[in-house]
2 protein chains.
Amino acid sequence: MLSKKTKYGLKALTYLASVDSKEPVQIAEIAKHENISQKFLESILLTLRRNGFLGSKKGKGGGYYLIKKPEEIQMTSVMRVLEGPIAMVPCVSLNFYEKCDDCPDENKCAVHKLMIQVRDSALKVYRNNTLADLIK
Amino acid sequence: MLSKKTKYGLKALTYLASVDSKEPVQIAEIAKHENISQKFLESILLTLRRNGFLGSKKGKGGGYYLIKKPEEIQMTSVMRVLEGPIAMVPCVSLNFYEKCDDCPDENKCAVHKLMIQVRDSALKVYRNNTLADLIK
DNA sequence: CTTTTATCCTATCGTTTTAGTAGATTTTAA
DNA sequence: TTAAAATCTACTAAAACGATAGGATAAAAG
């Protein structure tokens, strides 16, 4: 299941990409437009800012804005920041690899074999989609 | 993340497929071989039996066995029973569809657009793999 | 018919994750 | 100096996860 965090984060990003203004957009506006709890969205935008997707401005006239162009924002990186590993098991994760303690030999593991394929197919989709693709 | 339930269920199925015996295999044997808590595995095998993947026999010489041939067991159906919907959001699920209450128009939703692609790519993999493929 | 072996079933439980909420603080513009 | 906005810290309710406990049921062996 996709977490609400990821879902809301993606919606916020696409909203920012679609308004395409040089002026910062306020949390309240995004929350209202996308039907998201404002307080919850706050924390999501914060992590997006800390991870280099958004810039912010405080005080009156403040808000959030995209730092990069939508065409330059790949879904792989967005998903990794919001949702975590793309792989469904740590033992097939490229960026968050961990060995299974119950599994003596990865190469003979059926779960491993299947999840490698699932990971690759998901990666293909995420690499193929930028923020710009999603707002077309 | 793949749940332990699904992971263990898959391992149990592949073990049963690989021993390929006409005799039922006991839970204890599977649990030991795959390093799974026996009690936990019990409940997993039970749901696999209730969903038509396994047969069982009680008493001495009892245990579990595959009902169908490994070539006939598709990963789509296994995943749906153990893990639930293949889609990451209910609004793109084929078998468990649900409308999002926050989303006014699915066709304009970026999350929807992306998750449709992810679902299709995962489905492709699961449809492409039977239990027999995983033990090769 | 009794004992043993194994599945079946229901209930419970501790931990972690999720999806928030509350409230005070800091920064900026007017 | 006041109002508007993001920032930060802490807390919480509910659900999901990963089991565990203990008895019920069924079948086979003696």
Chemist: Atom CD1 of B:Ile44 to atom P of C:dC9: distance rounded to whole Å?
Modeler: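 My rounded result for the distance is 16 Å.
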
Chemist: What is the separation between atom CD on B:Glu23 and atom C1' on C:dA6, rounded to the nearest whole Å?
Modeler: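 One finds 14 Å between C1' of C:dA6 and CD of B:Glu23, rounded.
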
Chemist: Tell me, do B:Thr76 and B:Ile86 make a side-chain contact under 4.5 Å, heavy atoms counted?
Modeler: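 A side-chain contact under 4.5 Å exists here.
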
Chemist: Between atom NZ in A:Lys57 and atom C1' in C:dT28, what is the gap in whole Å?
Modeler: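 Nearest whole value for this atom pair: 7 Å.
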
Chemist: Whole-Å distance between C:dA19 P and A:Leu45 CG?
Modeler: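 A:Leu45 atom CG is separated from C:dA19 atom P by 16 Å.
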
Chemist: Under 4.0 Å between a side-chain N or O of A:Arg50 and OP1 or OP2 of D:dC8?
Modeler: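 Yes, such a contact exists.
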
Chemist: Would you mind reading off the distance between B:Gln26 atom CD and D:dA27 atom C1', rounded to a whole angstrom?
Modeler: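 The answer, rounded to whole Å, is 13 Å.
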
Chemist: Looking at the side chain of B:Arg49, which of C:dT5, C:dC9, D:dA6 is the nearest nucleotide?
Modeler: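 When the side chain of B:Arg49 is considered, C:dC9 is the closest of C:dT5, C:dC9, D:dA6.
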
Chemist: With sugar-phosphate meaning primed atoms plus P, OP1 and OP2, does A:Ile27 contact a base, only sugar-phosphate, or nothing at under 4.0 Å between heavy atoms?
Modeler: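 A:Ile27: backbone/sugar contact only, no base atoms under 4.0 Å.
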
Chemist: So, using side chain to side chain contact (heavy atoms under 4.5 Å, CB included) as the criterion, who are the partners of A:Lys58 when residues are at least two apart?
Modeler: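 For A:Lys58 there are no side chain to side chain contact (heavy atoms under 4.5 Å, CB included) partners, ignoring immediate neighbours.
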
Chemist: Quick check on D:dA6: is either OP1 or OP2 less than 4.0 Å from any side-chain nitrogen or oxygen of A:Lys60?
Modeler: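 So the side chain of A:Lys60 is outside the cut-off, no N or O lying under 4.0 Å from OP1 or OP2 of D:dA6.
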
Chemist: List for me each residue that meets side chain to side chain contact (heavy atoms under 4.5 Å, CB included) alongside B:Phe40, sequence neighbours excluded, and say none if there are none.
Modeler: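 B:Phe40: side chain to side chain contact (heavy atoms under 4.5 Å, CB included) contacts with B:Lys4, B:Lys5, B:Tyr8, B:Ser37, B:Ser43, B:Ile44.
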
Chemist: Rounded to the nearest Å, what distance is computed from the CG atom of residue B:Leu46 to the C1' atom of nucleotide D:dT25?
Modeler: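 Rounded to whole Å, this separation is 13 Å.
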
Chemist: For B:Ala132, what residues pass the side chain to side chain contact (heavy atoms under 4.5 Å, CB included) criterion, not counting sequence neighbours?
Modeler: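 Expected list: B:Pro70, B:Glu71, B:Thr130.
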
Chemist: Can you give each donor-acceptor pair under 3.5 Å made by side-chain atoms of residues 13-29 of chain B, sequence neighbours left out, with the distance rounded to 0.1 Å?
Modeler:
unit_1, atom_1, unit_2, atom_2, d
B:Thr14, OG1, B:Leu10, O, 3.1
B:Thr14, OG1, B:Lys11, O, 2.8
B:Tyr15, OH, B:Glu29, OE2, 2.6
B:Ser18, OG, B:Thr14, O, 3.2
B:Ser18, OG, B:Tyr15, O, 2.8
B:Ser21, OG, B:Glu23, N, 3.1
B:Ser21, OG, B:Glu23, O, 2.7

Chemist: Would you mind building the protein contact string for nucleotides 15-24 of chain D? One character per nucleotide, 5' to 3', B for base within reach (heavy atoms under 4.0 Å), S for sugar-phosphate only, - for untouched.
Modeler: ---SBBBB--

Chemist: Holding to side chain to side chain contact (heavy atoms under 4.5 Å, CB included), I want the full list of residues that pass it with A:Asn95, two or more places apart in sequence or in another chain.
Modeler: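 Once residues adjacent in sequence are excluded, the partners of A:Asn95 under the side chain to side chain contact (heavy atoms under 4.5 Å, CB included) criterion are A:Arg80.
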
